[in-house]
Amino acid sequence: MQSNYFRNKNPLDLDHIRSVLTRLEDTIIFGLIERAQFAHNHRIYLRGGFPELVNLGFTGSWLEWFLKETESFHAKARRYTSPDEYPFTPPAELPTPVLPSLAFPRLLHPNTVNANPSILAFYTRSIVPRITHDTTLALAASRRATGVTGDAEAEDDGNYGSAATIDVEVLQAISKRVHYGKFVSESKFADDPAAFIPHIRARNTDALAALITKPEVEKRLLQRLRKKAALYAQDFASDGEPLPEGKGKIDVSSVVDLYESYIIPLTKEVEVDYLLQRLDGLSEEDIERLMEPKGLLLSVEDKRS
Ligand SMILES: O=C(O)C(=O)C[C@]1(C(=O)O)C=C[C@@H](O)C=C1
């Protein structure tokens, strides 16, 4: 559950951080493939969708209930003491860990950036309906062929537990990926603080966004993602031969769109929001020292650790 990320010799090395982002692509694609085999089950995302939960005193959605129960257990195992793990449930509602926290190196500047509400909103409103859409179409088509109409079952197959279990896993992976933006941002800032500081002070979010944006990296990521998604979505015959026909386990363009329209933009938002808080609590003297040529930076960073 807790990552090996911090065991690296230099956890703020940008190539190393990007290798973590690349590995998370696999987790996210496989999670989406798993989720796509079930129907949309819209009911699990509605507040009050299950009177049974209301009877238990829980007023959120079925998915929020799954998040809270799962995260409560994981919190006891100190999952959320790790700097790259963010619960969807408000921390005040989670139990304290049964073990003391591990001693993580302090890599990030203290900050309050948390993108989980946005992740939950786009995942439930835009991603789930889209990746389960094909199932709906396929079932509707087969019904048309057999003369049976209506797509109620395609939209709701009753697999509420299975669907929500996978949703929790996908959400946690997307959350980790998006919040890694903080480490990316810290790495870029530490590399050249003087380039960032004037824009942070001027609250110039456009200039900060321009500094952290790497179009070539994004282009390669989307190319790689398309190839990976196509490969993982491939159906195979019983003898292991790839099946040329069929639409595969997931619609590849929805996976690419998820990254292009949501995951990358939100990661960049986290990067910029983190930078906006990067100088909070520092004295003028600290900031001046950060502006000095790089060799001198270490003394300020040493003071923080
Ligand atoms: O790799 C980086 O430099 C990042 O900032 C991460 C990321 C991404 O989300 O994948 C975001 C912005 C950059 O334009 C490129 C990629």
Side-chain angles (χ1 to χ4, degrees), residues 3-6 8-32 83-86 107-109 111 113-123 126-127 130 170-197 199-200 204-232 252-279 294 297:
S3 87
N4 286 326
Y5 170 71
F6 305 101
N8 190 275
K9 254 202 324 264
N10 180 7
L12 285 180
D13 173 69
L14 195 49
D15 287 340
H16 173 61
I17 300 170
R18 286 185 178 142
S19 75
V20 177
L21 299 186
T22 304
R23 195 177 44 75
L24 281 167
E25 287 164 11
D26 301 350
T27 313
I28 293 169
I29 300 171
F30 279 119
L32 293 172
D84 59 348
E85 296 280 359
Y86 294 79
L107 301 170
L108 298 178
H109 192 71
N111 68 89
V113 180
N114 188 328
N116 277 349
S118 307
I119 293 171
L120 191 59
F122 80 66
Y123 178 75
S126 306
I127 307 307
R130 180 151 177 201
V170 178
L171 283 165
Q172 286 171 337
I174 294 177
S175 173
K176 186 178 230 181
R177 197 280 175 200
V178 165
H179 288 101
Y180 257 85
K182 296 187 189 183
F183 296 101
V184 178
S185 213
E186 179 60 34
S187 169
K188 290 175 181 171
F189 176 85
D191 192 46
D192 189 5
F196 289 89
I197 288 173
H199 301 308
I200 297 174
N204 187 342
T205 50
D206 288 347
L208 292 171
L211 278 176
I212 55 102
T213 297
K214 310 287 168 197
E216 258 312 303
V217 175
E218 290 185 29
K219 192 172 148 212
R220 274 203 310 277
L221 186 161
L222 293 172
Q223 277 172 348
R224 181 176 66 241
L225 196 74
R226 184 172 292 281
K227 288 183 182 162
K228 279 187 185 180
L231 195 66
Y232 303 162
V252 171
S253 58
S254 25
V255 177
V256 177
D257 190 47
L258 163 68
Y259 262 77
E260 196 167 14
S261 303
Y262 299 101
I263 293 186
I264 296 176
L266 204 53
T267 305
K268 290 189 338 192
E269 210 175 295
V270 165
E271 289 189 40
V272 170
D273 288 348
Y274 173 79
L275 285 168
L276 288 173
Q277 297 185 25
R278 183 59 182 79
L279 305 178
K294 219 172 155 192
L297 171 67

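The structure displayed is predicted, hence computed values, not measured ones. Every number for a ligand or one of its atoms is a count from 1 in the order of the listing. Below, all heavy atoms of this structure are taken into account, side chains as well, without hydrogens, waters or symmetry copies.
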Would you call L108 and Y274 a side-chain contact if the rule is heavy atoms closer than 4.5 Å?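 Contact flag for L108/Y274 side chains = yes.
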Determine whether I28 and R177 make a side-chain contact, defined as any pair of heavy atoms from C-beta on separated by less than 4.5 Å.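 SC-SC contact between I28 and R177 confirmed.
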Per-ligand residue contacts, ligand 1, heavy-atom threshold under 4.0 Å: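 Close residues (ligand 1, cut-off 4.0 Å): R18, R177, V184, K188, I212, T213, K214, V217, E218, L221, I264, T267, K268, E271.
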For F30, all residues meeting ring pair (Phe, Tyr, Trp, His ring centres under 6.0 Å), sequence neighbours excluded: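 Testing F30 for ring pair (Phe, Tyr, Trp, His ring centres under 6.0 Å), a comparison that skips the adjacent residues, returns Y232.
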Restricting to side chain to side chain donor-acceptor pair (under 3.5 Å), what partner residues turn up for N204, sequence neighbours left out?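 Partners of N204 under the side chain to side chain donor-acceptor pair (under 3.5 Å) test: none.
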Any side-chain donor paired with an acceptor under 3.5 Å for S261 and D257?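 Their side chains do contain a donor-acceptor pair, which is all the 3.5 Å distance test asks for.
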Only pairs under 3.5 Å count here: list side-chain donor-acceptor contacts from residues 213-220, not counting sequence neighbours, and write none if there are none.
| unit_1 | atom_1 | unit_2 | atom_2 | d |
| --- | --- | --- | --- | --- |
| T213 | OG1 | A209 | O | 2.6 |
| K214 | NZ | L211 | O | 3.4 |
| E218 | OE2 | K268 | NZ | 2.7 |

